[in-house]
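In what follows, a single structure is set out as structure tokens and then discussed.
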Amino acid sequence: MSTTLFIIISVTALAGGGALGWFITHMAIKGRVANTLKKAEEDAETLKRNKMLEAKEKFLNLKADFEKEVAERNAKVQESESRAKQTESRLQQREQSINQRQNELNQRQGELQRRQNEVDAIKENLDKQLQLVDEKKQELEKLHFQATEKLATISGLSAEQAKAQLIENIKDEAKTEAMAYVNEMMEEAKMTANKEAKRIIVQTIQRVATETAIENSVTVFNLESDEVKGRIIGREGRNIRALEAATGVEIIVDDTPDAIVLSGFDPVRREIARLALHQLVVDGRIHPARIEEVVAKTRKQVEEEIAEVGKRTAIDLGIHGLHPDLIRLVGKMKYRSSYGQNLLQHARETANLCAVMAAELGLNPQKAKRAGLLHDIGKVPDDQPELPHAILGMNLAEKYKEKPDICNAIGAHHDEVEMQTLIAPIVQICDAISGARPGARREIVEAYIKRLNDLEKLALSYPGVVKTYAIQAGRELRVIVGADRVDDKAVETLSYDIAKKIQDEMTYPGQVKITVIRETRAVSYAK
């Protein structure tokens with residue numbers, strides 16, 4: 001508004017003239033300045049009030065913070081005083097407890113001192129009694145010596161001679177009575193256990209059956225015609241040499257019509273040679289480079305088949321968790337035979353027999369089956385260390401983290417180590433059942449004759465034996481002794497000793513019955 005008035009006055013001044021215009025302008029400026037001063041005073045008053053309010057608010061805030069801090073310090077002081085009181089109370093309780101324990105300890109020390117005094121009194125009494133005993137003992141020894149001298153004078157024997165004669169008599173009498181007692185106990189055990197054992201074994205055999213195989217060290221490869229023989233031999237025999245070098249098997253080409261013979265003691269190598277030769281003949285390309293290629297491919301196929309056979313066997317028997325190397329060894333059993341019996345079939349049959357027998361006896365059939373399957377893995381290792389196959393199999397099982405009872409059953413099935421669990425005798429029995437049943441195995445004639453001769457020689461080595469006869473294919477040994485050299489009491493001892501020596505020193509299937517015969521003959525002549 002003042003601005004508008006100033007503009008109007010300025011215009012009027014310009015229009016009206018000099019002095020009046022200036023006066024009007026001066027008055028307008030003076031009014032404007034007065035308004036500005038008034039407004040400034042009002043603003044200053046407002047600012048002053050605001051500053052006062054801010055200062056008062058800040059003072060109140062500082063006062064509130066100070067009161068809060070004082071309150072917190074007071075609370076901490078009260079808490080510290082409370083804790084100090086609790087600590088003082090605990091210290092008083094501990095002091096009372098320590099004083100009580102000190103009193104108990106003083107009482108116990110007094111009791112121990114009293115008992116120590118009693119022990120010292122008892123010890124002194126015992127020392128006196130021991131001294132009396134020693135005196136009595138010396139007196140008794142003196143009387144015993146005098147009595148011994150009198151007996152030696154009466155009998156004409158010294159004390160040592162009489163003692164030796166008495167010991168010898170007692171030893172002979174005790175040995176005779178012990179043998180009679182052992183025979184009596186064995187007969188009683190047979191009467192009570194033989195029937196049940198027969199039932200379990202017969203039932204087990206009846207529930208398990210398997211085929212038999214024939215052990216071979218040669219494989220006959222049949223040909224369509226004799227013309228193929230020449231191609232197999234090759235120029236100057238290079239093909240047959242390459243085939244023998246690649247497979248490690250001896251190839252015999254003779255006059256046998258339409259057939260060649262693969263000879264070797266490693267059945268896996270023979271199988272590789274047979275399959276490779278079959279593929280070469282069918283393909284028609286037979287030369288050294290092709291032979292090496294086909295043999296390498298066939299070896300890989302056989303290895304895969306071995307692993308597959310092992311896996312399938314474990315699955316069929318319900319055995320889980322076998323190490324892959326153990327599965328491979330189980331598969332290799334397919335190509336190994338023992339006394340005409342296929343090793344894999346024997347292992348499967350033994351495993352099933354072990355499971356049945358363990359179930360009949362209330363044991364774990366799965367463990368028994370596992371031990372039965374693995375009991376002959378020592379016969380098919382990759383290397384051939386100089387160890388019995390039972391010990392080697394036990395070492396392999398331990399290497400591949402089998403349980404201790406399984407390892408012990410494998411190592412003890414031919415009594416190579418001591419049996420420690422009930423599974424071990426079951427595996428031994430089932431192994432014998434699988435190998436001893438009719439038709440399971442065949443024995444080489446030379447080994448059979450040598451075993452019979454060894455039986456007879458072993459029995460002839462005992463004093464008093466006149467003649468020996470191995471009968472029933474070596475299952476029974478008849479021993480004839482001289483009536484004037486062996487009495488009736490010594491017959492039982494001799495039978496037991498021969499059986500024990502055969503059991504410890506010889507290897508034989510089943511069991512051997514030892515029959516000792518003593519007879520008295522009276523001969524007269526009528527003239």
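At distances below 3.5 Å, at least one donor-acceptor pair connects side-chain atoms of N408 with backbone N or O atoms of E418. The closest donor-acceptor contact from the side chain of D376 to the backbone of K379 lies at 3.5 Å or more, if one exists at all. With hydrogens and angles ignored, the 3.5 Å screen pairs a side-chain donor or acceptor of N61 with a backbone N or O of E57. Between the side chain of N106 and the backbone N or O of Q102, at least one donor-acceptor pair lies under 3.5 Å.
Listed by first then second residue, pairs satisfying side chain to side chain donor-acceptor pair (under 3.5 Å) with a partner in residues 62-82 read E69-R73, E79-R83, not counting sequence neighbours. The side chain to side chain donor-acceptor pair (under 3.5 Å) contacts involving residues 310-331 comprise E303-R328, D325-Y400, R328-D382, where partners must be two or more places apart or lie in separate chains.
In summary, of the residues considered (H346, H413, H389), a side chain to side chain donor-acceptor pair (under 3.5 Å) with H375 occurs for H346 alone. None of V309, I306, L343, L344 except one satisfies the side chain to side chain contact (heavy atoms under 4.5 Å, CB included) rule with V330; the exception is L344.
With sequence neighbours excluded, the residues satisfying salt bridge (charged side-chain N to carboxylate O under 4.0 Å, His left out) with E111 are R114, R115. Qualifying side chain to side chain contact (heavy atoms under 4.5 Å, CB included) partners for S89, counting only residues two or more places apart in sequence or in other chains: Q93. Scanning for ring-ring contact (aromatic ring centres under 6.0 Å, His included) contacts around Y335 gives an empty result, with sequence neighbours left out.
By the 4.5 Å heavy-atom criterion applied to side chains, E402 and L396 are not counted as neighbours. R32 places none of its side-chain heavy atoms less than 4.5 Å from the side chain of I29. In this structure, K369 and C354 have side chains that are not in contact, with every pair of non-hydrogen atoms separated by 4.5 Å or more. Considering only heavy atoms from C-beta on, E398 comes within 4.5 Å of N395 through its side chain.
Q428 and D415 share a donor-acceptor pair across their side chains, judged by distance under 3.5 Å alone.
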Show me the side-chain donor-acceptor pairs of residues 41-50 shorter than 3.5 Å, one per line, residues at least two apart or across chains.
{"unit_1": "T46", "atom_1": "OG1", "unit_2": "E42", "atom_2": "O", "d": "2.9"}
{"unit_1": "N50", "atom_1": "ND2", "unit_2": "T46", "atom_2": "O", "d": "3.3"}

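Residue N364 holds its CG atom at 11.0 Å from CZ of R370, rounded to the nearest 0.5 Å.
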